[in-house]
Amino acid sequence: MQLIFATQNQHKLFEVTKLIDLSIQLLSLNDINYTPEIEETASTIEENASLKAWHIYNHTCNNCFGDDSGLEIEALNMEPGVYSARYAGVHKSDSDNIKKVLHEMKSKTNRAAQFKTIISLVMEGKEHIFEGIIQGSIAEKPKGVNGFGYDPIFIPKGQRLTFAEMSIEKKNRISHRSIAVGKLVNFLNHRNSL
Ligand code: IMP
């Protein structure tokens with residue numbers, strides 16, 4: 001089965017390719033030569049995932065899925081959330097975003113946070129939603145060099161290391177994205193076996 005993943009993010013593609021079943025041929029937007037950026041204009045993670053999937057489905061008429069993720073911090077009213085990629089400003093870097101989070105968290109004792117991924121699969125004109133959440137806490141300072149985004153300041157519950165200190169394999173076993181992708185893969189396998 002061929003499935004388009006509506007992303008241009010190579011980190012995500014790499015992570016998801018390692019998780020997805022071999023019987024599913026995953027095509028990225030690069031593979032189908034789709035270069036325009038899909039604007040993430042919605043105000044929730046759920047709506048952004050959905051708009052990416054429908055955008056590519058309507059453009060290609062191929063089954064596809066889109067995802068959107070964010071870091072939700074309790075003491076910051078679940079921010080940065082849908083604005084995770086641009087928390088410090090549109091053209092700012094991952095390290096600027098981390099600096100802003102640590103600044104906002106300076107006086108906070110509650111450091112509880114979670115990463116959330118929503119995957120929207122559009123298949124034969126019908127949408128299916130899959131959610132992955134991993135709970136954890138915000139570190140006092142960045143640690144580790146692996147991964148991307150807020151990985152250096154996120155410590156999953158029950159772990160001592162940040163995501164950025166873990167190998168990609170270890171992060172993949174427990175991450176929000178792997179939980180959501182696992183649900184997607186189960187759904188696709190079940191459908192294949194019908
Ligand atoms: P996206 O919409 O899935 O690309 O995620 C939006 C933003 O959330 C990213 O640009 C990152 O800043 C952050 N993010 C999402 N997933 C992760 C992750 O696994 N590790 C670190 N940061 C992440």
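Whatever order the structure lists them in is the order used to number ligands and atoms, beginning at 1.
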- For the residue pair F163 and F115, does the interplanar ring angle fall in the parallel (under 30°), tilted (30 to 60°) or perpendicular (over 60°) class?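 Taking F115 first and then F163, their aromatic rings lie parallel (interplane angle under 30°).
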- Message: Can you classify the ring geometry of F187 versus H128 as parallel (below 30°), tilted (30 to 60°) or perpendicular (above 60°)?
- Response: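 Rings of F187 and H128: tilted, 30 to 60°.
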- Report yes or no: does S50 contribute a side-chain atom to a donor-acceptor pair with the main-chain N or O of E46 at less than 3.5 Å?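 Pair absent, no side-chain N/O of S50 close to backbone of E46.
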What atoms in ligand 1 come closer than 4.0 Å to a heavy atom of [X]?
X    : answer
K171 : 18 (C), 19 (O), 20 (N)
G149 : 12 (O), 21 (C), 22 (N)
D151 : 18 (C), 19 (O), 20 (N), 21 (C)
H176 : 16 (N), 17 (C), 18 (C), 19 (O)

[atom]: which protein heavy atom is closest, and how many Å away?
atom                    : value
atom 5 (O) of ligand 1  : S69 O, 3.2 Å
atom 23 (C) of ligand 1 : F115 CE2, 3.5 Å
atom 2 (O) of ligand 1  : D68 OD1, 2.5 Å
atom 16 (N) of ligand 1 : R177 NH2, 2.7 Å
atom 8 (O) of ligand 1  : S84 CB, 3.3 Å
atom 1 (P) of ligand 1  : K12 NZ, 3.4 Å
atom 10 (O) of ligand 1 : A85 CB, 3.4 Å
atom 22 (N) of ligand 1 : Y150 N, 3.1 Å

Short N-O contact, [X] and [Y], less than 4.0 angstrom:
X    : Y    : answer
R160 : E165 : no
R111 : E140 : yes
K171 : D151 : yes
E40  : K52  : yes

- Hydrophobic cluster membership, L3 vs L13, 4.5 Å side-chain cutoff: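 Linked within one cluster.
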- Item | Neighbour count >12 (heavy atoms, 6.0 Å) for atom CD, E39 |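 Incorrect, the count does not exceed 12.
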- Is it the side chain (CB and beyond), the backbone, both or neither of F148 that lies under 4.0 Å from ligand 1, heavy atoms counted?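 Near ligand 1, F148 shows its backbone as well as its side chain.
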